[in-house]
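What you are looking at is a predicted structure, and each value in this text was computed from that prediction instead of being measured. Just so we're on the same page: letters track the sequence lines, and every chain starts at 1.
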Amino acid sequence: MTDWKNLCALEDIPRLGSRVVKTAGGDLAVFRTSDDRVFALNDKCPHKGGPLSQGIVSGDRVTCPMHGWLIELDSGNAVAPDQGCVKRHEARVEAGQVLLRIA
Amino acid sequence: MKKQKLVVIGNGMAGMRTVEELLKLAPDLYDITVFGAEPHGNYNRILLSPVLSGEMTLSDIVLNDFDWYRDKGIRLHAGKKVTKIDRRARKVLAEDGTEEEYDRVLLATGSTPFILPVPGSGLPGVIAYRDIADTEMMIAASVNHRHAVVIGAGLLGLEAANGLKLRGMEVTVVHLADWIMERQLDKTAADLLQTSLEARGLRFLLGKQTEALLEKNGRVGALRTKDGIDIAADLVVMAAGIRPNTELAESARLHCHRGIVVNDTMQTYDPKIYAVGECVNHRGTVYGLVAPLFEQAKVCANHLANFGIGRYGGSSLSTKLKVTGIDVFSAGEFMGGRDTEEIVLHDRSGGVYKKLVVSGEKLVGAVLIGDTADGAWYFRLIKDQAPIGEIRDRLMFGEGSLGDSGHAAGHNAAAMPDSAEVCGCNGVCKGAIVKAIREQGLFTVDEVRKHTKASSSCGSCTGLVEQILASTVGGAYKPASSADKPLCACTDHHHAEVRRAIREQKLLSIPIVQQYLGWRTPNGCATCRPALNYYLVSTWPHEAQDDPQSRFINERAHANIQKDGTYSVVPRMWGGLTNPAELRRIADVAEKYKVPTVKVTGGQRIDLLGIRKEDLPAVWADLDMPSGHAYGKSIRTVKTCVGSEHCRFGTQQSMKMGVALEKMLFAMWSPHKVKLAVSGCPRNCAEAGIKDIGIIGVDSGWEIHVAGNGGIKTEVAHFLCKAKSDEEVKEISGAFLQLYREEGFYLERTVHYVNRVGLDYVKKRIVDDETSRKEHYERLLYALKDAPDPWAERVAGPARREFEALTA
Ligand SMILES: Cc1cc2nc3c(=O)[nH]c(=O)nc-3n(C[C@H](O)[C@H](O)[C@H](O)COP(=O)(O)OP(=O)(O)OC[C@H]3O[C@@H](n4cnc5c(N)ncnc54)[C@H](O)[C@@H]3O)c2cc1C
Ligand code: HEM
Ligand code: SF4
Ligand code: FES
């Protein structure tokens with residue numbers, strides 16, 4: 001586990017949207033919900049690797065743009081009946097800044 | 001605990017299906033080893049026929065590639081034939097000395113082709129048709145040689161003959177019986193089929209027995225029949241039947257009798273050894289088609305997994321011939337006999353023959369030539385032994401004749417019960433397909449294939465799967481369902497109610513709509529948000545705020561996402577017209593950004609595929625062309641023919657008309673995509689008959705057609721009215737589109753909208769009522785006033801962060 005890092009300002013991520021984060025270990029997606037919580041997942045759908053960052057965020061879930069799987073933002077789990085899980089990372093908001101800790 | 005060892009002998013369709021089923025049930029139970037005599041992974045043997053005919057390639061038919069085995073932790077010995085099973089030491093031994101111990105064995109050795117024991121059968125150029133090697137040999141022979149003879153006119157022989165003919169060979173089919181496919185067809189049907197195959201250039205010699213194959217220059221040169229006819233033959237394909245491959249089982253002293261004998265749990269006489277596939281004799285029957293083998297696989301996997309549920313009770317069979325363009329179906333007792341009656345329809349010049357064999361109250365057999373659309377239904381009636389007394393008088397006219405005749409024809413699929421089997425090969429029923437389409441949001445046959453396996457084997461149910469897709473995806477558009485179907489699970493309100501509330505209450509944002517109508521979820525979902533966004537921007541142009549986060553990625557990024565996560569860029573070419581400067585810029589962009597694929601689209605413009613999202617704004621800037629909106633529920637293109645400016649037939653200036661329409665409609669969002677076409681005369685080179693609006697030049701002006709569709713189900717556009725001038729065309733087309741924009745449900749194409757409200761209604765609003773027409777037209781022009789080019793906006797503006805990645 002690495003240290004907490006300052007990623008960007010909360011305002012840099014659209015509400016009900018996301019940003020792609022390039023890391024040495026591949027792309028992550030950081031999501032912002034309508035009530036300004038943030039979540040970070042690998043940007044790779046457990047189904048066929050679709051870019052989750054490009055999906056539509058609603059509630060605490062994102063819909064993959066490729067074949068419409070629903071992924072829970074907090075657990076990274078696919079919503080039944082689909083099965084699968086994408087790796088999570090820790091993310092939080094502090095003083096208007098988004099902090100990220102890559103797992 | 002140490003895992004038990006399962007050794008599978010035979011890396012073919014039945015064996016590997018069993019392994020797949022087993023892994024679903026008990027992924028970790030066994031340490032699995034697979035031996036296959038062929039040097040490949042598992043492939044779809046059925047589809048060797050389209051490979052031979054050149055309609056598919058070998059890579060299209062792979063079912064499990066080497067990576068699959070590795071991912072599943074299966075040890076694959078490809079290219080190693082097992083020569084011995086030592087039952088005492090519980091070991092199998094391969095030709096090259098490889099040894100594996102086992103706790104259980106699965107035998108799936110398939111069949112061997114029957115080679116006629118005639119002189120010359122060992123000559124070079126004489127082959128069977130069974131595997132990839134045979135197919136490659138036939139393709140190679142077709143390059144260097146001219147004359148092919150196929151022995152045997154069963155399914156396999158005819159598919160081989162057709163393939164070789166398509167590869168350019170002269171093909172003669174020699175057959176022992178008096179008519180072709182005598183195991184599946186009666187003589188009348190066979191004659192009709194023979195006629196259509198002869199029309200494609202195949203030659204038939206029926207009632208002929210092969211006496212010998214004669215040598216010429218070191219390979220086969222001719223075939224001699226018993227009655228002394230010599231036929232030139234540089235290639236002889238034996239398709240005279242197959243024999244269960246029991247060699248190995250017999251050498252291991254397992255009880256075999258026309259196949260390895262198994263019980264209802266697919267166990268051989270040695271309880272440690274199971275067997276499935278064509279090598280098996282179950283209750284006296286040996287099967288040669290995949291559907292029953294896949295049923296066996298399921299049962300066998302269940303027992304291997306120690307679940308012990310399920311028995312195999314035998315299968316009924318139906319057959320289809322896979323020759324593109326010739327439809328043949330046969331099932332059950334197709335010959336009929338003393339205790340049966342026949343219902344027959346025979347249209348010789350139309351090439352259609354249908355025979356239904358009825359016994360008492362039941363359908364027991366069917367043969368269909370020329371029109372096989374109802375094959376699956378008949379097969380179901382046969383398998384279910386359903387009583388048909390009530391429907392007997394309409395039986396011949398198919399399932400579509402039963403429902404209420406108000407519905408459009410061709411919706412068999414919609415009428416099928418959920419339990420009805422669609423894909424015989426893989427045993428997939430309609431309910432499973434519909435469920436997958438709904439839950440996984442599938443919209444191509446390919447995706448349905450991947451998710452459900454339906455139509456992934458022989459492919460002959462593809463048509464039916466398409467119909468189910470059309471009726472499931474399109475089902476929401478039909479009057480009965482769409483009027484009373486809620487938008488999605490977030491609400492009980494229907495599309496029409498939501499539209500009305502937005503208009504009457506002047507709701508201007510998604511949260512307000514959701515609050516006003518009592519949405520159950522905080523932000524809606526990926527189904528309702530795009531719909532609400534469209535309803536808002538189309539009802540209150542220039543007032544409601546467009547919400548990019550409620551748009552599907554393609555409309556948010558203004559480019560089409562591709563399966564690898566890259567994007568495609570289609571710049572607009574008004575009316576399909578371009579010029580050297582644009583082409584030069586496109587070429588420069590393609591080089592600068594190393595665009596892997598440059599393609600001319602069906603919409604008369606150029607698609608640059610494989611662009612990284614980060615590069616999009618720069619690509620747009622360099623292109624300096626407006627967006628083609630090839631990604632949106634929006635105006636796509638206006639396709640044009642050259643028209644009277646150049647064409648010697650043309651009566652009207654179709655390019656000019658097309659450009660004017662496309663400029664008028666630029667950046668128009670709509671419930672679904674909208675495509676137009678303009679042709680300069682009734683020869684209609686722009687194919688205006690299958691567009692949302694098709695304009696066709698005639699001497700006196702233009703004809704306007706609406707609500708055509710070239711998609712899953714081709715729909716011919718309806719004639720709406722004539723127009724005298726270009727200006728009138730713009731007004732009527734614009735008014736029609738505005739009506740659709742205001743009343744259509746999200747994701748409802750014009751064809752479904754017009755079917756829902758009726759063409760007469762559209763005519764009344766747009767053609768007959770001049771005031772209404774003008775008002776609609778004006779509202780459209782107002783909505784589209786000053787429509788910005790989304791690409792130019794993003795090149796310049798703040799929306800760029802959509803395209804920029806962060807780093808950590
Ligand atoms: C050209 C063609 C078209 C067809 N079209 C259709 C169709 O449209 N519809 C339909 O339902 N069916 C069709 N069939 C039949 C269908 O392909 C077979 O029923 C099916 O493949 C049989 O599966 P199987 O696993 O029993 O045998 P196979 O698929 O033949 O697999 C057996 C495998 O075992 C291997 N093997 C044998 N002995 C050994 C050994 N001792 N050691 C190691 N490996 C061994 C063989 O090399 C082979 O790869 C077609 C067949 C062909 C050839
Ligand atoms: C996500 C799914 C789809 C994508 C990304 C897509 C993309 C495209 C693109 C980029 C074009 C080129 C047209 C242009 O220049 O604008 C095109 C053309 C076409 N598409 Fe699609 N399409 C999709 C789904 C469909 C579906 C579901 C249908 C059928 C209902 C369909 C039918 C057509 C037809 C008929 C054309 C040719 C248009 C013409 O001849 O003018 N497409 N598509
Ligand atoms: S539709 Fe008529 S005018 Fe247009 S190219 Fe064809 S023949 Fe010429
Ligand atoms: S890749 Fe995400 S749903 Fe298929």
Side-chain angles (χ1 to χ4, degrees), chain A residues 2 4-9 11-25 27-35 40 43-45 47-70 79-82 89 91 98-102, chain B residues 432 435-444 446-448 450-451 488-490 510-511 514 519-530 532-533 547-557 559-567 612-614 631 798-799 801-808:
Chain A
T2 56
W4 284 100
K5 268 193 208 145
N6 196 338
L7 181 67
C8 62
E11 294 315 311
D12 291 335
I13 309 175
R15 266 209 186 104
L16 292 179
S18 78
R19 293 293 296 267
V20 179
V21 184
K22 300 261 171 214
T23 75
D27 287 2
L28 313 186
V30 179
F31 302 91
R32 175 176 172 192
T33 62
S34 56
D35 54 0
D43 195 11
K44 239 184 153 163
C45 177
H47 176 223
K48 295 201 171 157
L52 296 172
S53 55
Q54 311 300 304
I56 292 183
V57 180
S58 38
D60 285 0
R61 294 168 169 181
V62 60
T63 305
C64 176
M66 290 300 184
H67 319 90
W69 278 31
L70 264 178
V79 174
D82 298 321
H89 306 274
V98 178
L99 304 184
L100 176 69
R101 181 149 81 166
I102 296 171
Chain B
K435 183 159 175 272
I437 294 173
R438 293 234 172 94
E439 289 176 359
Q440 332 250 2
L442 312 182
F443 51 87
T444 67
D446 244 18
E447 289 175 348
V448 173
K450 281 189 201 119
H451 283 258
C488 67
C490 305
I510 292 176
Q514 292 175 334
W519 240 244
R520 281 193 280 267
T521 47
N523 318 124
C525 69
T527 303
C528 60
R529 286 239 304 279
L532 292 179
N533 192 56
D547 175 20
Q549 301 310 331
S550 294
R551 285 184 178 273
F552 185 64
I553 178 61
N554 289 353
E555 293 185 0
R556 195 177 340 130
N560 269 327
I561 194 166
Q562 307 294 313
K563 65 178 185 189
D564 62 354
T566 64
Y567 287 77
R612 295 181 316 155
K613 193 176 182 190
E614 304 90 280
Y631 44 79
R801 79 172 169 192
E802 168 79 37
F803 304 95
E804 285 162 1
L806 302 167
T807 47

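Heavy atoms of B/Lys613 lying under 4.5 Å from chain A belong exclusively to its side chain. Contacts between A/Leu28 and chain B at a heavy-atom distance below 4.5 Å are absent for every atom of the residue. Interface remark: B/Thr521 contributes no atoms to any contact with chain A (heavy atom separation under 4.5 Å). Looking at A/Pro14, the atoms closer than 4.5 Å to chain B (heavy atoms on both sides) sit in the backbone and in the side chain alike. Contacts between B/Pro548 and chain A at a heavy-atom distance below 4.5 Å are absent for every atom of the residue. For A/Leu100, the part lying under 4.5 angstrom from a heavy atom of chain B is the side chain only. Only the backbone of A/Val57 comes within contact range of chain B, with heavy atoms under 4.5 Å apart.
Considering only heavy-atom pairs separated by less than 4.5 Å from chain A, the leading option among B/Glu804, B/Arg529, B/Arg551 is B/Arg529. For chain A, the option among B/Gly565, B/Pro511, B/Gly524, B/Ala526 with the highest count of heavy-atom pairs below 4.5 Å is B/Ala526. Chosen from A/Gln54, A/Lys22, A/Arg61, the residue pairing most often with chain B at heavy-atom distances under 4.5 Å is A/Gln54.
Contact annotation: the side chain of A/Lys48 never approaches that of B/Lys563 to less than 4.5 Å [non-hydrogen atoms, C-beta and beyond]. B/Pro522 has its side chain out of reach of A/Thr33: every pair of non-hydrogen atoms, C-beta onward, lies at least 4.5 Å apart. Put simply, the side chain of A/Ile56 does not reach to within 4.5 Å of the side chain of B/Cys525, judged on heavy atoms.
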Exercise for the section: For the pair A/Leu7 and B/Leu806, evaluate side-chain contact (heavy atoms from CB on, under 4.5 Å) and give the outcome as yes or no after the intermediate values. Expected result: CA-CA 8 Å; A/Leu7 181 67; B/Leu806 302 167; 4.0 Å; yes

Handout entry: Pair B/Glu614-A/Val20, side-chain contact (heavy atoms from CB on, under 4.5 Å): steps then yes or no
Key = CA-CA 10 Å; B/Glu614 304 90 280; A/Val20 179; over 6 Å; no

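The OG1 atom of A/Thr63 sits 12.5 Å away from atom CD1 of B/Ile553, with the distance rounded to the nearest 0.5 Å.
The backbone N or O of B/Gln549 sits nowhere less than 3.5 Å from a side-chain atom of A/Arg15 that would complete a donor-acceptor pair.
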